[in-house]
Amino acid sequence: VSAPLSLWLKETEFAPWAAARTETVDVLVVGAGLAGLAVARALVANGRSVRVLDRGLPGHGASGRNAGFVLATHVTSYPAMRRAIGPERARALLSLAHRNGALVAEKYGAAAQHRRTGSLMLGVAGDASEKAVLTEARSMLLEDGVRTDWADVPSGLAGFDVALRIEDDAEVHPGRLVAALGSGVEGAMGEVLAIEDDVAILTTGERITFATAVLATNAWTSALAPQLKVSPQRAQMLSTTPAPIFLPAPCYAGFGYEYFRQRQDGRVLLGGLRAQFRTSEGTTDAKPTEAVQEAIESYLRAHLLGAKGTQIEHRWAGTMGFSEDGLPLLGELSPRVQVIGGFTGHGLGTALACAEVLGRSLCGTATAEDRALLSALAPTRTPATFGTH
Ligand SMILES: Cc1cc2nc3c(=O)[nH]c(=O)nc-3n(C[C@H](O)[C@H](O)[C@H](O)COP(=O)(O)OP(=O)(O)OC[C@H]3O[C@@H](n4cnc5c(N)ncnc54)[C@H](O)[C@@H]3O)c2cc1C
């Protein structure tokens, strides 16, 4: 049984690519999620010829199955991350996310139904430790130039007693974003079994010879590059029939484990509850399970009172790729192979800007800022030890 499509993918048309054939290319990008497609576009804009390869349709990995939040950072992880990597590098990542947000809005905003709504990080009622982290995150983020302040918990929600608003965060339609990124990109359908020197060997036996390969394979990266530790984590979501609008912005709660938003058409989307099911969710199988879906539905009924009376319309899952320290992997793995991935559940917040950095690096036009980032995010780095989820 193949995995059910997300609400987004059901609403998005992708023209299927032809099957991959043996050929020689300049740059081979493996993976047609938002990272691979954005890298391809960045390289083509710099005059390189690029072939993108995916075993499925574009965006059918995590990129077309997510919640569509474009966030500056994972708020509750920010204090620990900043302590582990230092304020300078933490600020460099915020500035990367800021550039990413501008890219999404300016280049793809209209196509991807981008809305600068801000986001709300909600504190679960009675959880003093979460409140302490939110308070610390607020002061650090303000110091680091992120516009943030306490806000009211939206009426229509129950069980939360504080809300931290991040002003410049946004939401998109992820399917439409992938479709816009993919338009005009030269792609082919095929699964890479292994990469040996300058050749990608496909499961069909076809062979693609390249000058440079870019692994944009996120949760599946370790299969092609076992020296990199990117762990698959399934995340599940559901969406409801339309309800009167009660959520003004995408919301995160419970240290970011739960997330929900309401579309302009009234449909409510909710995902998370992964923390209670750690063993079963460490998989690349993108099929929703009864146990997690039940937990999500109970959460919906207990906390999102504004969705009262709605029915569940869609249920889906996707696979995130978690790096060891929660930061993306970006740059050179070996002289012929580059990596972009390990977005740890937050690719919409940085992948497009990461792709531009990689594009400049591969075209010999990297800035000093790019080089600092490539050093901080080098795939072969020793992971910082602060741990995110
Ligand atoms: C339910 C859910 C909710 C999420 N919510 C958010 C959110 O609100 N905000 C946010 O920022 N992030 C969110 N994320 C994470 C976000 O979706 C990812 O970080 C992002 O999509 C990663 O993009 P990518 O291009 O790196 O990976 P993917 O989109 O997963 O693309 C990787 C591609 O590589 C292909 N591939 C892998 N191996 C091979 C191979 N050997 N040969 C050929 N093709 C291969 C796959 O088929 C896939 O298409 C969520 C994820 C999920 C699952």
Side-chain angles (χ1 to χ4, degrees), residues 3 6-8 14 20 28-40 52-74 97 100-101 104 119 169-172 174 177-178 181-182 187-195 200-204 208 213-225 230 232-238 250-252 256 258-261 269-274 281 284 286 288 292 296 315-323 328-330 339-352 354-355:
S6 64
L7 169 62
W8 313 114
F14 296 101
L28 173 68
V29 176
V30 187
L34 58 102
L37 294 171
V39 168
V52 180
L53 206 65
D54 202 294
R55 63 167 156 249
L57 286 170
H60 282 230
S63 295
R65 298 172 173 277
N66 56 60
F69 298 10
V70 184
L71 306 177
T73 189
H74 186 279
N100 184 87
V104 175
S119 71
D169 285 348
E171 61 178 32
V172 290
L177 176 62
V178 173
L181 283 164
M189 218 182 264
E191 179 165 10
V192 176
L193 193 61
I195 293 205
I201 300 155
L202 274 52
T203 48
T204 52
I208 302 185
V214 178
L215 301 185
T217 43
N218 210 30
W220 296 270
T221 301
S222 301
L224 296 178
V230 181
Q233 289 287 319
R234 179 166 57 201
Q236 304 197 27
M237 295 196 71
L238 55 72
C251 297
Y252 254 121
E258 280 68 62
Y259 38 93
F260 38 93
R261 65 182 273 194
L269 282 75
L270 166 64
L273 280 300
R274 192 169 49 80
E281 298 311 283
T284 54
V292 176
I296 299 177
R315 300 175 188 276
W316 70 90
T319 315
M320 308 180 289
F322 276 30
S323 70
L329 309 180
L330 185 68
V339 177
I340 177 167
F343 288 106
T344 316
H346 297 281
L348 282 168
T350 54
L352 271 65
C354 284

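If you read the sequence from its start, that first residue is 1, and numbering goes on from there. First listed ligand is number 1; within each ligand, the first listed atom is number 1.
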Notebook entry, point to check: Would a 4.5 Å heavy-atom cut-off, applied to side chains only, mark Phe69 and Asp169 as touching?
Noted result: no
Notebook entry, point to check: In the protein, which heavy atom is nearest to atom 41 (N) of ligand 1, and how far is it?
Noted result: Val192 O, 2.9 Å
Checklist line | Nearest-contact summary for atom 44 (N) of ligand 1 - protein heavy atom, Å | finding: Arg55 N, 3.3 Å
Checklist line | Residues Arg274, Glu281; criterion salt bridge (charged side-chain N to carboxylate O under 4.0 Å, His left out); working and verdict | finding: CA-CA 7 Å; Arg274 192 169 49 80; Glu281 298 311 283; over 6 Å; no
Item checked: Residue and atom name of the nearest protein heavy atom (relative to atom 27 (O) of ligand 1), distance in Å to one decimal -> Asn218 CB, 3.3 Å
Notebook entry, point to check: Hey, which atoms in ligand 1 end up nearer than 4.0 Å to a heavy atom of Leu224?
Noted result: 41 (N)
Note to self: Distance under 4.0 Å to a non-hydrogen atom of Glu191: what atoms of ligand 1 satisfy this?
What the structure shows: 42 (N), 43 (C)
Next item on the list: Side-chain contact test, heavy atoms from C-beta onward, threshold under 4.5 Å: evaluate it for Pro58 versus Leu37 and give yes or no.
Entry: yes
Check: Does the side chain of Val178 reach to within under 4.5 Å of the side chain of Phe14, using non-hydrogen atoms?
Finding: yes
Next item on the list: Taking the side chain as every heavy atom from C-beta outward, state whether Leu202 and Leu53 have any pair of such atoms under 4.5 Å apart.
Entry: yes
Margin query: Need the ligand 1 atom indices (1-based, order shown) with element for anything under 4.0 Å from a heavy-atom of Phe343.
Written below: 19 (O), 26 (O)
Notebook entry, point to check: Which is closest to atom 19 (O) of ligand 1 by heavy-atom distance: Gly347, Ala286, Ser6?
Noted result: Gly347
Notebook entry, point to check: Are any side-chain N or O atoms of Trp316 and backbone N or O atoms of Leu7, one a donor and one an acceptor, separated by less than 3.5 Å?
Noted result: no
Notebook entry, point to check: Under 4.5 Å between any side-chain heavy atoms of Val230 and Thr217, yes or no?
Noted result: no
Check: Among all protein non-hydrogen atoms, which one is nearest to atom 31 (O) of ligand 1, and what is the separation to 0.1 Å?
Finding: Gly33 CA, 3.6 Å
Note to self: For ligand 1 and Gly318, I'd like to know whether there is a polar contact (N/O to N/O, distance under 3.5 Å).
What the structure shows: no
Notebook entry, point to check: Of the protein's non-hydrogen atoms, which lies at the shortest distance from atom 9 (N) of ligand 1, and what is that distance?
Noted result: Phe69 O, 2.8 Å
Next item on the list: Taking Asn218 for its side chain and Met320 for its backbone only, find out whether a donor-acceptor pair lies under 3.5 Å.
Entry: no
Note to self: Taking only non-hydrogen atoms of Gly345, do any sit less than 4.0 angstrom from ligand 1?
What the structure shows: yes
Margin query: Below a 4.0 angstrom heavy-atom separation, can you tell me which part of Leu193, side chain or backbone, both or neither, approaches ligand 1?
Written below: neither
Check: Does the N or O separation between Val30 and ligand 1 drop below 3.5 Å for any pair?
Finding: no
Notebook entry, point to check: Should Val104 and Leu352 count as side-chain neighbours, where that means a heavy-atom distance under 4.5 Å?
Noted result: yes
Notebook entry, point to check: Within a strict 4.5 Å, meaning less than it, do heavy atoms of the Leu269 and Trp8 side chains meet?
Noted result: yes
Check: Taking C-beta and beyond as the side chain, do Leu57 and Met189 meet within less than 4.5 Å on heavy atoms?
Finding: yes
Margin query: Measuring from atom 32 (C) of ligand 1, which candidate in Gly321, Gly61, Ala216 has the nearest non-hydrogen atom?
Written below: Ala216
Next item on the list: Please work out which of Asp54, Asn66, Thr350 has its closest non-hydrogen atom nearest to atom 17 (O) of ligand 1.
Entry: Asn66
Check: How far is atom 34 (O) of ligand 1 from its nearest protein heavy atom, and which residue and atom is that?
Finding: Gly31 CA, 3.3 Å
Notebook entry, point to check: When you look at Leu273 and Glu258, which way does the side chain to side chain contact (heavy atoms under 4.5 Å, CB included) test go after all the steps?
Noted result: CA-CA 6 Å; Leu273 280 300; Glu258 280 68 62; 3.5 Å; yes
Checklist line | Non-hydrogen atom of Arg65 closer than 4.0 Å to ligand 1 | finding: yes
Check: Does any N or O in the side chain of Thr344 come within less than 3.5 Å of the main-chain N or O of Gly342, such that one atom is a donor and the other an acceptor?
Finding: yes
Notebook entry, point to check: Can Ala351 be said to touch ligand 1, with heavy atoms closer than 4.0 Å?
Noted result: no
Check: Distance-only, no hydrogens or angles: does the Ser6 side chain make a donor-acceptor pair with backbone N or O of Gly64 under 3.5 Å?
Finding: yes
Next item on the list: Could you tell me whether some N/O pair between Gly36 and ligand 1 is separated by less than 3.5 angstrom?
Entry: no
Next item on the list: May I ask whether Gly271 places a heavy atom under 4.0 Å from ligand 1?
Entry: no
Next item on the list: May I ask you to check whether Ala62 has an N/O atom sitting below 3.5 Å from an N/O atom of ligand 1?
Entry: yes
Note to self: Using a 3.5 Å distance criterion without hydrogens, assess whether the side chain of Arg65 forms a donor-acceptor pair with backbone atoms of Ala317.
What the structure shows: yes
Notebook entry, point to check: Looking at ligand 1, does any of its N/O atoms fall within less than 3.5 Å of an N/O of Ala35?
Noted result: yes
Check: Which of the atoms of ligand 1 are close to Met237, meaning less than 4.0 Å from one of its heavy atoms?
Finding: 1 (C)
Check: What protein heavy atom is closest to atom 21 (O) of ligand 1, reported as residue, atom name and distance in Å?
Finding: Ser63 OG, 2.9 Å
Notebook entry, point to check: Hey, which atoms in ligand 1 end up nearer than 4.0 Å to a heavy atom of Gly349?
Noted result: 11 (O)
Notebook entry, point to check: For atom 5 (N) of ligand 1, which protein heavy atom lies nearest, and how many Å away is it?
Noted result: Ala67 N, 3.1 Å
